[in-house]
Colleague: 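Handing you this structure, nothing more for now.
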Amino acid sequence: MTTQALTTQAQDTGRQLDRLTTGELEVLRTTLAAGFNNAELEYALTVSKALGLSPFSKQIYFMKISGRVVLVTGIDGYRSIAGRSPKYAG
């Protein structure tokens, strides 16, 4: 896959996060980001979009530890990021 195609793939993930339906946002709020207020959820989605990672694909996890927002990149997220690099041999 070319670098341009991989960059496009990350941008597509970002666009998908921009177009969340009300239902998808509610699922995210009640399951994957339980206990997050609106500002925290917005922050988590902004970081996800910037990294081109999807919480629905388990590429990034949203957590609260001691009342603080923690975003953790999962193995699938690391693979996605690595796959966008022309230096990654697979």
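Since this is a predicted model, take the numbers as computed values, not measurements.
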Colleague: Could you report the tightest heavy-atom contact between Gln59 and Gly52, atom names first, then the distance?
Modeller: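 Residues Gln59 and Gly52, closest heavy atoms: OE1-O, 4.0 Å.
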
Colleague: Among the clusters formed by ILVMFWY side chains lying less than 4.5 Å apart, do Leu51 and Val70 turn up in the same one?
Modeller: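 Hydrophobic grouping puts Leu51 apart from Val70.
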
Colleague: Please report the shortest heavy-atom distance between Thr21 and Glu24, naming the atom on each side.
Modeller: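 It is N-OE1, 2.9 Å.
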
Colleague: For the residue pair Tyr61 and Pro55, establish whether any side-chain heavy-atom pair is separated by less than 4.5 Å.
Modeller: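 Side-chain contact under 4.5 Å: no.
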
Colleague: Determine whether a donor-acceptor pair (N or O, by modelled atom type, separation under 3.5 Å) exists between the side chain of Arg84 and the backbone of Arg79.
Modeller: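 The answer is no, because no donor-acceptor pair under 3.5 Å joins these two groups.
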
Colleague: Side chains of Ile81 and Leu53, heavy atoms from C-beta outward: is any pair under 4.5 Å?
Modeller: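 The answer is yes; the side chains approach within 4.5 Å.
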
Colleague: What are the two closest heavy atoms between Val27 and Phe56, and how far apart are they?
Modeller: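 Looks like CG1-CE2, 4.5 Å.
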
Colleague: If you look at every heavy atom in Tyr78 and Thr73, which pair is closest and at what distance?
Modeller: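 For Tyr78 and Thr73, the tightest heavy-atom pair comes out as CE1-O, 3.3 Å.
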
Colleague: Locate the shortest heavy-atom distance separating Leu71 from Phe62; write the atom from each residue and the value.
Modeller: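 Reported closest heavy-atom pair: CD2-CD2, 3.4 Å.
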
Colleague: Hey, does Leu41 have a side-chain heavy atom less than 4.5 Å from the side chain of Leu45?
Modeller: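 When only atoms from C-beta onward are counted, Leu41 and Leu45 do touch, with a gap below 4.5 Å.
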
Colleague: So does Lys64 have more than 12 non-hydrogen atoms from other groups sitting under 6.0 Å from NZ?
Modeller: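 Counting neighbours around NZ of Lys64, more than 12 heavy atoms of other residues, nucleotides or ligands fall under 6.0 Å, so yes.
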
Colleague: How many angstroms lie between CG in Leu25 and CZ in Arg29, if you round to the nearest 0.5 Å?
Modeller: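 The CG atom of Leu25 sits 5.0 Å away from the CZ atom of Arg29.
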
Colleague: Do Met63 and Leu32 sit in the same hydrophobic cluster, where Ile, Leu, Val, Met, Phe, Trp and Tyr count as joined when their side-chain heavy atoms come under 4.5 Å apart?
Modeller: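 They do not share one cluster, since no chain of ILVMFWY contacts under 4.5 Å joins Met63 to Leu32.
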
Colleague: Over all heavy atoms of both residues, which pair between Ser57 and Asp76 is shortest? Give the atoms and the distance, please.
Modeller: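 In this case the closest contact between Ser57 and Asp76 is O-OD2, 4.0 Å.
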
Colleague: Is Phe36 close to Leu28 at the side-chain level, that is, under 4.5 Å between some pair of heavy atoms?
Modeller: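 A side-chain contact under 4.5 Å is absent here.
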
